[in-house]
Amino acid sequence: MSNFLNQFTKDVEANLPGFIAVCVTEVSTGICYVSHSVKADFDPEIAAAFNLEVVKAKKNAISQLGLDSKIQDILITLDSQIHIIDVSENGEYFIYLAVDSSKANLGMTRALLKKYKKDIVSEL
């Protein structure tokens, strides 16, 4: 598992222009399986902990509204960054990713995350 996750973080950093940070978190427990940041002052585990509450709140809202739907991703656009919370198809994990909005390509970023979130479910 750790080899896969280490390779995942290397691949994401190498293949996403504007990469800032990434974290893979289990929704039910809040356990962070891997995290990595290129900025010393950006802690992806803290960000993922707060974003876990966002995922739980959105899941609760979907349930309360009686929607038969699952979260694919949650996009948060800041002045200079894009934060993506990409939830696995089974809803057990999410990838939290932060990129520099002036360098990142949102379509390419989402496509890469979609590929990896399938692998994460099978590897964890």
Side-chain angles (χ1 to χ4, degrees):
M1 173 174 67
S2 63
N3 287 338
F4 165 76
L5 291 172
N6 290 333
Q7 189 61 48
F8 162 74
T9 58
K10 288 177 186 176
D11 289 351
V12 169
E13 180 180 0
N15 292 306
L16 289 178
F19 172 85
I20 296 172
V22 68
C23 187
V24 175
T25 303
E26 186 175 43
V27 173
S28 64
T29 63
I31 293 173
C32 174
Y33 287 98
V34 68
S35 68
H36 175 64
S37 178
V38 295
K39 293 187 171 191
D41 62 344
F42 193 109
D43 188 337
E45 289 186 38
I46 291 174
F50 281 104
N51 284 300
L52 174 60
E53 297 307 314
V54 172
V55 171
K56 287 180 176 181
K58 192 61 189 169
K59 284 180 131 187
N60 189 35
I62 289 168
S63 174
Q64 293 298 313
L65 291 169
L67 301 176
D68 185 24
S69 193
K70 295 178 184 176
I71 301 169
Q72 290 184 10
D73 65 27
I74 300 168
L75 179 66
I76 301 167
T77 307
L78 306 176
D79 291 339
S80 62
Q81 297 177 0
I82 298 170
H83 295 206
I84 300 174
I85 305 163
D86 203 354
V87 180
S88 65
E89 290 177 10
N90 65 5
E92 293 181 18
Y93 307 97
F94 71 88
I95 302 169
Y96 166 75
L97 176 71
V99 293
D100 181 322
S101 61
S102 69
K103 298 175 184 173
N105 176 310
L106 185 56
M108 184 174 81
T109 301
R110 281 181 152 160
L112 186 66
L113 286 177
K114 184 176 182 178
K115 172 193 174 293
Y116 278 115
K117 75 179 174 181
K118 288 182 181 182
D119 294 341
I120 285 172
V121 170
S122 66
E123 293 288 333
L124 295 182

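The figures here come from the full heavy-atom set of this structure, side chains too, leaving out hydrogens, waters and symmetry mates.
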Single-linkage hydrophobic cluster Leu52~Val22, side-chain heavy atoms < 4.5 angstrom
no

Gap separating the CD1 atom of Ile76 from the CD1 atom of Ile82, nearest 0.5 angstrom
11.5 Å

Quick one: are Glu89 and Lys70 in side-chain contact, heavy atoms under 4.5 Å?
no

Start with the C-alpha gap between Leu16 and Leu97, add the side-chain angles, then the distance that decides, and say whether side chain to side chain contact (heavy atoms under 4.5 Å, CB included) holds.
CA-CA 10 Å; Leu16 289 178; Leu97 176 71; 3.6 Å; yes

Return the OH to OG1 distance between Tyr93 and Thr25, rounded to the nearest 0.5 Å.
11.5 Å

In short, salt bridge (charged side-chain N to carboxylate O under 4.0 Å, His left out) pairs touching residues 50-65 with sequence neighbours left out are none

Could you grab the distance from atom OH of Tyr96 to atom CG of Asp86, nearest 0.5 Å is fine?
13.0 Å

Report whether Ile62 and Val27 are members of the same hydrophobic cluster (ILVMFWY, side-chain heavy atoms less than 4.5 Å apart, transitive linking).
yes

Connected via hydrophobic side-chain network under 4.5 Å: Phe94 and Ile71:
yes

If you apply the rule side chain to side chain contact (heavy atoms under 4.5 Å, CB included), what do you find for Ile84 with Val99, and how did you get there?
CA-CA 9 Å; Ile84 300 174; Val99 293; 5.7 Å; no

Tell me, do Leu106 and Leu75 make a side-chain contact under 4.5 Å, heavy atoms counted?
yes

Cluster question for you: counting only ILVMFWY and a side-chain heavy-atom cut-off of under 4.5 Å, with indirect links fine, are Val12 and Leu5 together?
yes

Between Tyr116 and Asp11, does any side-chain donor sit less than 3.5 Å from a side-chain acceptor?
yes

How long is the straight-line distance from CD1 of Ile85 back to CZ of Phe50, given to the nearest 0.5 Å?
12.5 Å

Residue of the set His36, His83, Lys103, Lys39 for which side-chain contact (heavy atoms from CB on, under 4.5 Å) holds with Ile20:
Lys39

Hey, is the main chain of Pro44 close enough, under 3.5 Å, to the side chain of Ser35 for a donor-acceptor pair?
no

Closest contact, heavy atoms only, Glu26 versus Thr29:
OE1-OG1, 2.6 Å

Rounded to the nearest 0.5 Å, how far does CD of Gln7 lie from OG1 of Thr9?
8.0 Å

Lys117 side chain to Gln72 backbone, donor-acceptor under 3.5 Å
yes

Value for CZ (Phe8) from CD1 (Ile120), rounded to nearest 0.5 Å, stands at 4.0 Å

Go through the steps to decide whether Asp73 and Leu113 satisfy the test side chain to side chain contact (heavy atoms under 4.5 Å, CB included), and finish with yes or no.
CA-CA 10 Å; Asp73 65 27; Leu113 286 177; over 6 Å; no

Should Ile46 and Leu78 be regarded as members of a common hydrophobic cluster, given that ILVMFWY residues are connected when their side-chain heavy atoms come within less than 4.5 Å of each other, either directly or indirectly?
no

